[in-house]
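Down below is the structure, laid out as structure tokens.
None of these values were measured; they are calculated from a predicted model. Every chain is numbered from 1 and lettered A, B, ... according to where its sequence line falls, protein lines coming before strand lines.
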2 protein chains.
Amino acid sequence: MLGANPPARQDNRQTLIDATLASVAEIGLIRTSVSEIITRAGLSRGMIHLHFQGKDNLLAAAAKHSSERYYKRLDQYLRDAKPDPQYRIEALIQCDLSEDGLTEDIVRITHEFQAATRAFPILAPYSDTRDARLRRYFEEAFTQIIIQTGETDPSQVSRDITTGLVATMEGFWVDFLLHPQDFDRARAARIVFRMLSGLLPDYFDLNGAKAPN
Amino acid sequence: MLGANPPARQDNRQTLIDATLASVAEIGLIRTSVSEIITRAGLSRGMIHLHFQGKDNLLAAAAKHSSERYYKRLDQYLRDAKPDPQYRIEALIQCDLSEDGLTEDIVRITHEFQAATRAFPILAPYSDTRDARLRRYFEEAFTQIIIQTGETDPSQVSRDITTGLVATMEGFWVDFLLHPQDFDRARAARIVFRMLSGLLPDYFDLNGAKAPN
DNA sequence: AACAAAAATGGACGATCGTCCATTTCTGCC
DNA sequence: GGCAGAAATGGACGATCGTCCATTTTTGTT
């Protein structure tokens with residue numbers, strides 16, 4: 001029986017986090033009360049205080065968990081991508097628009113926490129770094145490409161393209177949030193690649209990344 | 001003294017709306033309680049019930065007012081723009097990134113209401129139509145341009161470009177929301193026009209719209 | 001089987017929520 | 001100046017909020 005107990009503690013901790021995220025996704029952060037969370041978790045009132053010393057810490061843990069889940073998926077897509085920078089960029093875009101990466105629950109949770117940063121400053125780090133990491137991955141890949149084109153100021157150009165692309169992806173998330181049933185993932189990807197092919201026609205076409213020559 | 005009283009009623013109504021928006025911008029919708037609103041408005045508790053029959057209706061009125069203020073500015077920019085479609089597009093972009101169109105308060109309020117739609121369904125129409133009108137303006141202008149280029153399917157292309165552009169603008173708002181001090185309006189505009197010039201080089205360059213030829 | 005420590009329970013607590021209404025104050029007209 | 005009606009007040013109300021802790025239950029060791 002050795003080691004059978006410690007994970008039980010972790011189980012309830014995670015159960016609370018899952019219940020919190022489910023509640024935020026379904027009824028919003030405003031209506032996500034302690035009573036709501038413990039009802040969904042099927043646990044008793046005191047568990048939140050025992051594991052998190054209060055509601056704020058639980059919300060922070062939930063935001064952190066959601067953020068880490070996002071990163072994990074991003075890194076998985078990058079590992080599966082071909083090494084050329086345009087394929088890595090394509091992988092990031094596809095990940096951010098995929099059936100498992102962009103779901104109603106995920107986009108709702110993300111935006112709830114983003115908006116709640118003002119009321120719960122403890123949440124700031126987890127709504128702030130999401131695009132920071134995505135941005136870094138994009139910028140590294142674009143810099144590799146821009147250097148090849150012999151641009152005079154590759155740093156500025158790659159930073160600009162990255163900022164624009166991240167903004168566009170962020171906007172598609174908002175689009176999906178407001179009209180999930182009307183959203184067309186393939187069309188969104190096509191639009192992004194149309195933009196990229198206009199900027200870097202040697203590396204992208206309307207279908208995605210082009211083979212390096 | 002004729003007519004001096006009727007506006008007083010409207011004054012207090014508007015005072016409540018203004019106080020609500022100020023509270024939402026400063027401390028977020030979650031912390032915007034009835035007590036908070038009436039304290040900011042300097043009015044008594046019962047006024048909300050008298051003018052709006054409840055908190056929900058007041059929030060809806062505040063969201064509506066914020067939405068209408070946005071439209072008003074958009075239409076003003078359009079009236080001041082040259083008639084050619086590329087100039088109208090430039091005007092919409094400049095409006096959405098201007099010092100008076102994109103402020104910390106405005107972007108916070110917009111996103112608070114957007115996120116709260118789940119908890120307060122009564123707010124949906126006002127967070128939903130914002131990009132609908134912007135989208136329509138963009139699409140009308142792009143359609144005019146695309147038709148001139150002799151594209152085989154001008155409707156689809158202009159819809160795609162519109163969707164991408166609206167997403168990018170939306171993303172810049174989120175960017176500004178999260179990093180208002182780091183945000184560079186001129187750079188954001190340059191990035192947008194870089195994208196557009198890649199797609200429609202005859203109508204846009206890095207500085208904005210190009211003169212028709 | 002007994003014991004100590006950890007985990008889990010669920011009710012009590014004061015604070016605050018939004019709603020509602022009896023009362024007071026203000027306003028325009030006769 | 002007095003009256004009718006609208007506007008405004010602010011306290012009372014029950015519900016619900018998040019926190020906390022005395023108690024019970026479970027677990028691992030002897």
Any side chain to side chain donor-acceptor pair (under 3.5 Å) involving residues 29-40 of chain A? Give me the pairs, sequence neighbours left out, ordered by first then second residue.
Ser23(A)-Thr32(A), Glu26(A)-Arg40(A), Ser35(A)-Arg45(A), Glu36(A)-Arg40(A)

Distance, rounded to the nearest Å, where [X] contributes [atom1] and [N] contributes [atom2]:
X	N	atom1	atom2	value
Met47(B)	dC26(C)	CE	P	14 Å
Ile38(B)	dG10(D)	CD1	P	9 Å
Asp11(B)	dA8(D)	CG	C1'	14 Å

Would you indicate, yes or no, if dA8(C) has its OP1 or OP2 atom less than 4.0 angstrom from a side-chain nitrogen or oxygen of His51(A)?
yes

Check the phosphate of dA7(C) against Asn12(A), side-chain N and O only, distance under 4.0 Å to OP1 or OP2. Yes or no?
no

Around Lys64(B), counting heavy atoms of other residues, nucleotides and ligands shown, do more than 12 lie under 6.0 Å from its NZ?
no

Does Arg88(A) have more than 12 heavy atoms from other residues, nucleotides or ligands lying within 6.0 Å of its CZ?
no

Under the salt bridge (Lys or Arg N to Asp or Glu O under 4.0 Å) test, residues paired with Asp175(A) that sit two or more places apart:
Arg135(B)

For nucleotides 16-23 of chain D, tabulate all protein N/O to nucleotide N/O atom pairs closer than 3.5 Å, reporting atom names and distance.
from, atom 1, to, atom 2, distance (Å)
dC17(D), OP1, Ser33(A), OG, 3.2
dG18(D), OP1, Lys55(A), NZ, 2.4
dG18(D), OP2, Val34(A), N, 2.7
dG18(D), N7, Arg45(A), NH2, 3.0
dT19(D), OP2, Lys55(A), N, 2.9
dT19(D), O4, Arg45(A), NE, 2.8
dC20(D), OP2, His49(A), NE2, 3.4

One should read off an interatomic distance between His111(A) NE2 and Ser127(A) OG, to the nearest 0.5 angstrom, of 10.5 Å

Got a salt bridge between Glu104(A) and Arg108(A), using NZ or NE/NH1/NH2 to carboxylate O under 4.0 Å?
yes

